[in-house]
Amino acid sequence: MKNFKQYYPTTVDEAAKYLKENPKDTYIVGGGTDVIGAMKDFILPTYPVALVSLDKIPGLTGIKEEGDYLIIGAMTKVEDLAMSDLLKSKYTCLAEAASRTASPHLRESGTVGGNLCQMTRCWYFRHNNNQFDCVRKGGSTCYALTGETRFHSIFGLTKMCAAVNPSDLAPAMVALNAVAVTNKKEIPIEKLWSFAVPGSTTLDHDEIITSFKIPKFTGKSCFYKASVRRTIDFPIVNGACAIDASGNARICLNAVAMTPHRCTEAEETIKGKSITESLAAEAGAAAVQKAKAIPGTGTSNEYKIEIAKGVIKKVILGCK
Amino acid sequence: MKDKDEEKAVLSRRQFLKDAGIVLGTSAVGSAALLSACGTNEITKTDTVTKTSTVTKNVTTTVVEKETLPLPIETENGRLLISFTVNGKKFDATVEPRETLHHLLHEQLGFKSVKTFCSRGGCGSCSVLLDGRPVLSCMTFASSVGGKDIWTSDGIGKEMPELIEAYIDNECMQCGYCTPGFIVTAAALLKRNGNPSTDEIREALAGNLCRCGTYPVHIKAVHEAASAMGGK
């Protein structure tokens with residue numbers, strides 16, 4: 001790694017002030033598991049001049065129910081979510097998603113905020129030393145379109161980019177209708193992601209997520225991740241379904257597009273009906289109606305559509 | 001001299017590993033220290049920030065309202081001074097902001113049991129306990145560990161001889177390169193859960209890769225260590 005400046009603020013305001021005063025090439029670090037890898041491989045569009053670590057700011061961790069909400073601090077370690085009895089019993093899909101994220105070691109240092117704001121794993125974007133000048137790095141070509149697309153988007157391109165969002169916590173957060181609380185405003189979770197580089201989020205440069213608010217949930221929820229290996233792997237497709245006490249469902253797929261993909265068609269299909277295997281399969285088919293494979297010149301990602309169908313079926317049946 | 005060499009030659013692999021496990025520790029501290037380090041997931045909130053006040057001469061320390069972790073102190077050339085404990089022994093070190101914890105432990109302080117392998121957080125060879133959490137030292141900035149308690153497999157070998165014995169008895173290593181990482185992860189598991197099930201062990205060790213494929217024996221060894229330690 002090249003050298004840079006490391007800044008340890010003790011309050012969120014201090015961190016935001018520093019980011020505002022140094023708008024160029026300053027990056028936020030939570031647990032560091034994404035940014036350290038990115039810096040070792042030299043894949044950031046511009047190399048950081050300074051890193052602002054949120055490590056020493058008190059009050060950004062913890063999982064607690066407060067009033068009508070479950071509050072999760074943005075710097076809470078992912079493993080704490082996986083271990084939490086409260087999440088396991090009431091917010092099952094979030095605990096399951098956390099327990100399937102990366103490897104146990106990475107979960108111990110990776111944070112919730114960092115997991116949701118991580119950069120894409122597209123292998124052209126991640127190629128060492130910025131070898132591919134892709135759209136996300138300011139170029140004009142998406143190399144995946146004429147290359148290997150086996151893990152790429154099945155729900156179209158975003159600004160000519162075929163990459164997908166790799167987060168495991170994202171679909172669970174969307175299914176539970178979370179809200180990201182930043183130092184400036186509250187963002188409904190579905191509006192958190194965009195094409196922006198780095199981080200893939202709509203956050204301003206000096207905007208820092210402090211916590212996530214999830215409305216108290218009393219229904220059933222389920223998460224499923226299809227991946228090549230069980231641990232230390234990113235999803236081929238993952239998804240979560242949450243059906244609340246009054247029977248309203250929220251279903252979300254991830255790793256299928258640049259942003260987590262809410263499956264309203266599947267939600268409509270199961271609305272007000274008792275869940276059966278055939279209904280779940282029907283919902284799965286409805287969810288991928290608009291899906292379209294990118295052929296590429298190597299392996300096509302057509303198989304992902306079938307997997308997405310299966311994931312939807314599994315998560316709906318998991319809420320039975 | 002010749003005798004000594006001969007002695008060395010006949011030293012069995014088993015004995016060598018036993019010794020390595022027991023002798024490598026750098027300092028003697030009670031098991032209680034490791035227990036307390038591993039038992040809680042809380043951040044230690046003992047030290048406080050002392051903001052250096054350049055304005056006033058008569059006031060040396062500012063009133064600190066919130067308890068926070070100690071911050072690194074910037075020294076010359078942008079290096080950061082941090083103090084922390086490794087295997088119960090206190091260390092002060094200056095690090096560059098770009099240095100990882102792995103670099104600090106392996107290169108600067110000479111803890112060679114913290115292995116270099118993938119350097120990308122994929123293999124678990126560089127695992128250490130950081131305030132009781134098994135983390136990858138290659139994916140942790142050295143400057144962030146100020147005030148924290150670090151345990152490497154050297155220290156763990158000394159504090160948990162039952163685990164080392166179980167690893168030797170089950171021949172858990174072939175080339176042995178991944179073993180320190182496994183020891184750290186297994187120790188973290190045993191400190192949290194005195195009597196883990198096979199599934200729990202598999203899940204806990206899932207982040208450690210072994211090229212020789214010794215996975216099945218690790219599960220046996222951790223079971224044995226757990227019963228030898230009496231589920232404490």
Side-chain angles (χ1 to χ4, degrees), chain A residues 1-11 14 29-41 47-62 75-80 82-84 99-110 114 126 128 229-233, chain B residues 41-43 45 49 51 64 66-72 74 77-80 95-101 103 118-124 126-147 181 184-185 188-189 192 202-209:
Chain A
M1 280 191 273
K2 284 197 262 179
N3 220 349
F4 51 86
K5 203 172 145 38
Q6 185 102 308
Y7 179 56
Y8 286 96
T10 50
T11 65
E14 262 177 48
V29 189
T33 51
D34 194 16
V35 89
I36 294 180
M39 285 165 69
K40 281 182 176 176
D41 287 339
Y47 201 82
V49 173
L51 291 183
V52 178
S53 174
L54 308 183
D55 202 33
K56 312 285 182 197
I57 302 177
L60 293 183
T61 57
M75 285 291 285
T76 311
K77 308 288 184 201
V78 178
E79 185 70 0
D80 292 350
M83 298 272 207
S84 161
S99 70
R100 292 297 313 276
T101 303
S103 74
H105 298 92
L106 290 170
R107 293 200 293 268
E108 297 280 6
S109 32
R126 290 257 170 190
N128 291 4
R229 291 187 303 182
R230 198 183 143 74
T231 319
I232 337 182
D233 207 355
Chain B
N41 287 337
E42 283 171 22
I43 304 164
K45 289 177 178 171
V49 185
K51 287 180 181 170
V64 180
K66 276 182 244 163
E67 283 186 325
T68 42
L69 284 162
L71 296 170
E74 201 166 328
N77 306 330
R79 290 175 76 89
L80 301 163
V95 294
E96 283 187 352
R98 64 176 162 178
E99 256 175 60
T100 59
L101 177 58
H103 190 270
C118 75
S119 270
R120 296 293 184 283
C123 71
C126 64
S127 304
V128 295
L129 290 187
L130 187 63
D131 280 348
R133 291 175 181 273
V135 302
L136 300 170
S137 58
C138 73
M139 298 301 266
T140 308
F141 280 121
S143 56
S144 71
V145 302
V184 168
T185 318
L189 170 71
R192 282 177 183 174
R202 287 172 82 101
E203 184 55 43
L205 298 181
N208 290 80
L209 298 187

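Throughout, a chain's letter reflects where its sequence line sits, starting with A, and its residues are numbered from 1.
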Quick one, [X] and [Y] - any side-chain contact, counting heavy atoms below 4.5 Å?
X: B:M139; Y: A:H105; value: no
X: B:E74; Y: A:K5; value: yes
X: A:E108; Y: B:L130; value: no
X: B:C138; Y: A:K40; value: yes

Given a strict heavy-atom distance threshold of 4.5 Å, which part of A:K2 is in contact with chain B: side chain, backbone, both, or neither?
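It is the backbone, since no side chain atom gets that close.
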Among A:N3, A:T33, A:T231, single out the residue with the greatest number of heavy-atom pairs under 4.5 Å to chain B.
A:N3
Please classify the contact of [X] with chain A as side chain, backbone, both or neither, using a heavy-atom distance under 4.5 Å.
X: B:A204; value: backbone
X: B:L205; value: neither
X: B:S119; value: both

So which atom in [X] and which in [Y] form the shortest heavy-atom distance, rounded to 0.1 Å?
X: A:I232; Y: B:A206; result: CD1-O, 3.9 Å
X: A:S103; Y: B:G207; result: CB-CA, 3.8 Å
X: B:F141; Y: A:V29; result: CE1-CG1, 4.3 Å
X: A:L106; Y: B:G121; result: CD1-O, 3.4 Å
X: A:Q6; Y: B:P97; result: CB-CB, 3.6 Å

Taking CZ in B:R202 as the centre, count heavy atoms belonging to other residues, nucleotides or ligands within less than 6.0 Å. Is the count above 12?
no
Here the gap from B:L71 atom CG to A:Y7 atom OH, rounded to the nearest 0.5 Å, amounts to 9.5 Å
Taking A:K77 for its side chain and B:R133 for its backbone only, find out whether a donor-acceptor pair lies under 3.5 Å.
no
